Engineer: 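Next up is a structure, given as structure tokens.
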Number of protein chains: 2
Amino acid sequence: MVRPQSSKPYHHGELREALVSAGRRLLEERGIRGFTLRECARRASVSHAAPAHHFASLDDLLAEIATRGYQELTAAMESEAQRVADNAAARLVAHGVGYMAFAAANPVLFQLMFSREANRFETPNLFAAAKAAYHLVVAAVGAVIPKAPAEVKQRMVDFTWASIHGFITLVLEGQIGEGDTPRALKSRGMAMLAAVVETVVRTGGDP
Amino acid sequence: MVRPQSSKPYHHGELREALVSAGRRLLEERGIRGFTLRECARRASVSHAAPAHHFASLDDLLAEIATRGYQELTAAMESEAQRVADNAAARLVAHGVGYMAFAAANPVLFQLMFSREANRFETPNLFAAAKAAYHLVVAAVGAVIPKAPAEVKQRMVDFTWASIHGFITLVLEGQIGEGDTPRALKSRGMAMLAAVVETVVRTGGDP
DNA sequence: AAATGTAACTTGCCAGCGTCTAGTTTATGC
DNA sequence: GCATAAACTAGACGCTGGCAAGTTACATTT
């Protein structure tokens, strides 16, 4: 039997990828509570039960999406850092810029990645992807204060990461700079970054 | 007709409060995605449709719970600050301690309060409660650097709030100090706070 | 090249969800 | 005491995630 060109094949072929991609868009459109497996299936033009062959559960799909988010976050930080690869402090600032840019471009995904829900997924891939992003921060901070003792380094990592993460989180939730223009907001972010890096340099250099 | 003592009255009497209180416990037990109106009703021993007479929707109940969360957060910061009311820097640290203590005691509620979902509720009470907490931080930072220009003050508020918020958020998600004892974690938090306040003092005093 | 096994997909079902409508019970205000 | 409003119950709707059973297409082996 010849299959007419307009009819779709029984096997999708790349359903897994299609679900991840549809899910990501759905997530940004409707938020975490509006995310449903059936809508993902609908957008991929398959039946509501098809996703089960690629993801064990809704949480499993969310975990995959979050994992890719961490990989992209890492890539965004690295990509920004490569553009200013002259000195360690500038690279640390660039990492922060990449971090914030990713969060601003994918606000719901970012929230999912750092939510308690995601923490319960407990998949090894997600864990590894998150660790990779973390180690990038550790390395970048370490490069700024190479001679500081390990304890100081760790505290400066805490401090740096917390400041950047907290700032962009509060911005995305509208708690900081609600009436600001994007331009003014970016300026506030850069001021934050400058203050953070300056504190790291001063604390790490000082014994 | 005499009502036997063991049967419950038709009217609950304090259903609104009972739903808020049950909802709060449910939220911490099952997370945001496990929160359901029907389970709240069950725990308050009323029918599944009873909550509709007190809350227009599930989001409406969540908004009320989040609003109370902000009020408690404000109270927690004030209460800590009162215990060390000698100088401005110590009070700012105390505010931070109260902030983190509240978050640690109510992790899911804290996440709800600062989530995009909550931001969409748009109820005036929630907005006002959040602003009250914010102004506490503004006042505390302002007291530390009274002579600084407004712009510096605002940037130091951004910086302070972001650092504290980011730190406790990352801790609650297990991203910071996963293997640490509670004692070690608290020490890392206090180190963060010290670094933040020191930066505020230095930046605000310096022209 | 044919048969067989397996993976990808569909349809149909279940209980649970939020919300709406309609009806019942109790409290309140005149 | 009586009308009216408020608080609650019961039932229904369309949606959800997940499970079971059946269908289709591909892959592998002989």
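Just so it is clear, the model here is predicted, and its values are computed rather than measured.
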Engineer: For B:Leu37 and D:dT9, what is the distance between atoms CG and P respectively, to the nearest whole Å?
Structural biologist: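 Value for this atom pair: 13 Å.
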Engineer: Need one value for B:His54: base, sugar-phosphate or nothing, where a base atom within 4.0 Å counts as base even if backbone is also close, heavy atoms only.
Structural biologist: sugar-phosphate
Engineer: With respect to the side chain of B:His53, which nucleotide from C:dG18, C:dC9, D:dC8 is positioned closest?
Structural biologist: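 Of the candidates, D:dC8 comes closest.
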Engineer: From C-beta outward on A:Val46, which listed nucleotide comes closest to its side chain: C:dT10, D:dC8, C:dT19?
Structural biologist: C:dT10
Engineer: What integer distance in Å separates B:Glu17:CD from D:dA7:P?
Structural biologist: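 It is 14 Å, rounded to the nearest whole Å.
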Engineer: Rounded to whole angstroms, how far apart are CG on B:Leu19 and C1' on C:dG18?
Structural biologist: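 Result: 14 Å.
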Engineer: Over how many whole Å does the gap from A:Leu58 atom CG to D:dC15 atom C1' extend?
Structural biologist: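 Atom CG in A:Leu58 sits about 14 Å away from atom C1' in D:dC15.
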Engineer: To the nearest Å, give me how far apart CZ (A:Phe55) and C1' (C:dC9) are.
Structural biologist: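 Rounding to the nearest Å, CZ of A:Phe55 and C1' of C:dC9 are 15 Å apart.
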Engineer: Answer with yes or no whether B:His48 presents, from its side chain, a donor or acceptor under 3.5 Å of a partner atom in the base of C:dG16.
Structural biologist: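 No pair found.
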Engineer: Mind checking if A:Arg42 touches a base, just sugar-phosphate, or nothing, with heavy atoms under 4.0 Å?
Structural biologist: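 Sugar-phosphate contact only.
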Engineer: Could you pick out which residue, B:Phe35 or A:Leu15, lies toward the 5' side of DNA chain C when each is mapped onto its nearest nucleotide?
Structural biologist: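 Closest to the 5' end, via its nearest nucleotide, is A:Leu15.
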Engineer: Quick check against the 3.5 Å criterion: does A:Glu80 have a side-chain atom that pairs as donor or acceptor with the backbone of A:Val97?
Structural biologist: no
Engineer: Considering heavy-atom distances to DNA chain D, does B:Arg38 or A:Glu39 have its closest nucleotide positioned more toward the 5' end?
Structural biologist: B:Arg38
Engineer: If you take all heavy atoms of A:Glu28 and A:Pro107, which pair is closest and at what distance?
Structural biologist: OE1-CD, 3.3 Å
Engineer: Please report the distance, rounded to the nearest Å, between CZ in B:Arg30 and P in C:dG16.
Structural biologist: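 One finds 12 Å between P of C:dG16 and CZ of B:Arg30, rounded.
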Engineer: Looking at the side chain of A:Ala50, which of D:dT9, C:dT10, C:dT19 is the nearest nucleotide?
Structural biologist: C:dT10
Engineer: Cut-off 3.5 Å, side chains only: do B:Arg16 and B:Ser21 have a donor facing an acceptor?
Structural biologist: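 B:Arg16 vs B:Ser21: no donor-acceptor pair found between side chains.
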Engineer: Of all the choices, C:dC9, D:dG18, C:dT10, which nucleotide is nearest to the side chain of A:Ala49 once you look at every atom?
Structural biologist: C:dT10
Engineer: Given 3.5 Å as the limit, does a donor-acceptor pair link the side chain of B:Gln111 with the main chain of A:Ser115, or not?
Structural biologist: no
Engineer: Between the side chains of B:Arg43 and B:Glu39, is the shortest nitrogen-to-carboxylate-oxygen separation below 4.0 Å, so that they form an ion pair?
Structural biologist: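 Looking at B:Arg43 together with B:Glu39, the answer is yes, because their closest N to O distance falls below 4.0 Å.
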Engineer: When you check the phosphate oxygens OP1 and OP2 of D:dT16, does a side-chain N or O of A:Thr36 lie under 4.0 Å from one of them?
Structural biologist: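 Yes, within the criterion.
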